[in-house]
Amino acid sequence: MSRVLIVGAGLTGSLCACLLRRELPNKVKIVVWDKSRGAGGRMSTSRSPSDPFCTADLGAQYITATPYYARIHSSFYEELLDHGILKPLETTVEGMMSKEEGLLNYVTPMGVSSIVKHYLKESAGAEVLFDHHVTHIYQKGTGWEVCRKGGAAEQFDAVVLTMPVPQILQLQGDLGSLIGENEKQKLEAVSYSSRYALGLFYKADVHINVPWAAKYIANNPCIRFIAIDDKKRNLVSGQCGPAVVIHTSVPFGVQHLEEDKEEVQPIIMAELDKLLPGLPPPDNIKCQKWRYSQVTRSVTDCPGQMTLLSKPLLVCGGDGFTHSNFDGCIESALKVFEVLKSSL
């Protein structure tokens, strides 16, 4: 039985684990490592420290399916809708730009990380470990030795890397000698937008009196998007407090990228006070820096994955090899799975 390591418990990594479990149940031992404390990656759902039922999506806000992807990925949408993980977006998002006809928008009642958690659950038997930060990868005979911060090295027959492309390039060990000059140039050309996100968590008796559930902010140097998260998900309840999500503009994110979150948070809050002067003070605040928010230039001429070595298999995937949305990650996971299936 082959031991496969998937690095990254975001959407691409979790779906790869799920596909391996469903399609090759008796051929693989699946291990998932993620450097964070929980699943989701940029599909991140945070909880209030004082109320676990008060949650906010600090990464992806809603999922948009084009007619093309709604058709070719229909099985994925239908599965998530059947499980109640997705439901149609029923509220109006002010300022949303529709780029084509027939778009379908969905929200996640249990938070956007519930999609990733569903696929990890469906990869039953997979060993999913957090606080596992990969630092080095070495080729050892017919397999790989993978090292992580503060832990012993482990051996694997195949490795899948699904983290942002710049983090792949930062890995030490044999990776540098395995990447050809052409591949290296393609990987180095990948670029991402950067932004900050704030989650404001409130007590149960607080009401946020605005006429919308979510809104894009035009012509503001700091804030680009605001959502009343429970209202956006159509989950307003007297049992737990509301949560407000603020996403900054990309120029603001780039300008303050190397600063500490503690320095940037008051700047965002001051700008928010100008936009929503009547907003009550929150019970808790979570500030998230997204250094790799969305892919602005993906790997060129790449079918959703890049195989760095066939034997033993070392393959890269994720939105850096397609595009930054739900369907891009599905596309990449399917391509990575095809490579795994043919080599294991």
Side-chain angles (χ1 to χ4, degrees), residues 6-19 40-44 57-77 79-80 86 89 93 96-108 112-113 115-116 119 160-169 183-195 197 216 224-225 247 249-251 253-254 290-308 315-339:
I6 298 170
V7 183
L11 180 54
T12 305
S14 64
L15 183 52
C16 279
C18 173
L19 292 169
R42 281 164 284 166
M43 287 194 147
S44 165
D57 290 328
L58 296 188
Q61 291 296 301
Y62 53 88
I63 289 170
T64 300
T66 64
Y68 171 74
Y69 281 118
R71 185 178 73 256
I72 69 165
H73 291 161
S74 60
S75 63
F76 297 96
Y77 282 102
E79 176 180 339
L80 295 174
L86 286 186
L89 173 66
V93 178
M96 183 193 290
M97 302 291 287
S98 291
K99 295 177 181 176
E100 64 176 281
E101 292 293 320
L103 296 178
L104 299 171
N105 293 304
Y106 299 100
V107 288
T108 47
V112 74
S113 67
I115 298 174
V116 173
Y119 288 131
V160 179
L161 304 174
T162 70
M163 63 270 243
V165 171
Q167 293 179 353
I168 294 174
L169 290 168
E183 284 87 357
K184 185 181 179 185
Q185 288 177 3
K186 287 183 178 182
L187 293 172
E188 288 176 340
V190 174
S191 61
Y192 293 77
S193 61
S194 302
R195 70 180 77 240
Y216 285 94
R224 180 67 183 108
F225 179 83
H247 278 190
S249 68
V250 170
V254 172
W290 294 115
R291 182 177 292 274
Y292 307 114
S293 176
Q294 289 180 298
V295 176
T296 53
R297 184 169 60 243
S298 60
V299 177
T300 56
D301 304 320
C302 189
Q305 58 82 24
M306 181 182 282
T307 301
L308 299 181
V315 58
C316 307
D319 60 350
F321 299 85
T322 50
H323 41 92
S324 273
N325 57 24
F326 178 72
D327 290 293
C329 291
I330 290 178
E331 211 165 58
S332 178
L334 289 169
K335 294 294 185 181
V336 170
F337 174 68
E338 283 178 19
V339 175

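In this chain, residues are counted from 1 in sequence order. Because only heavy atoms are used, hydrogens play no part in the values below, and waters and symmetry mates are left out as well, while side chains stay in.
Side-chain atoms of S332 come within 3.5 Å of backbone N or O of G304 as a donor-acceptor pair. The closest donor-acceptor contact from the side chain of R297 to the backbone of A189 lies under 3.5 Å. Side-chain atoms of W290 come within 3.5 Å of backbone atoms of L58 as a donor-acceptor pair (strictly under, hydrogens ignored). A donor-acceptor pair is defined here as one N or O able to donate and one able to accept, closer than 3.5 Å; such a pair exists between the side chain of T162 and the backbone of V7. Not one N or O on the side chain of S324 forms a donor-acceptor pair closer than 3.5 Å with the backbone of Q294. In terms of modelled atom types and a separation under 3.5 Å, the side chain of Q305 and the main chain of P303 share no donor-acceptor contact.
Residue pairs satisfying the salt bridge (charged side-chain N to carboxylate O under 4.0 Å, His left out) criterion with at least one member in residues 318-339, sequence neighbours excluded, are listed as follows: R42-D319.
Between Y69 and Y77, the distance from one ring center to the other does not fall under 6.0 angstrom.
Annotation: side-chain contact (heavy atoms from CB on, under 4.5 Å) contacts of V299 (sequence neighbours excluded): K186, L187, V190, C302, M306, F321.
A donor and an acceptor atom, one from each side chain of T296 and S193, are nowhere located under 3.5 Å apart.
Between C329 and L11, the shortest heavy-atom contact is CB-CD2, 3.5 Å.
Atom CD of E100 sits in a crowded spot, with more than 12 heavy atoms from other residues, nucleotides or ligands closer than 6.0 Å.
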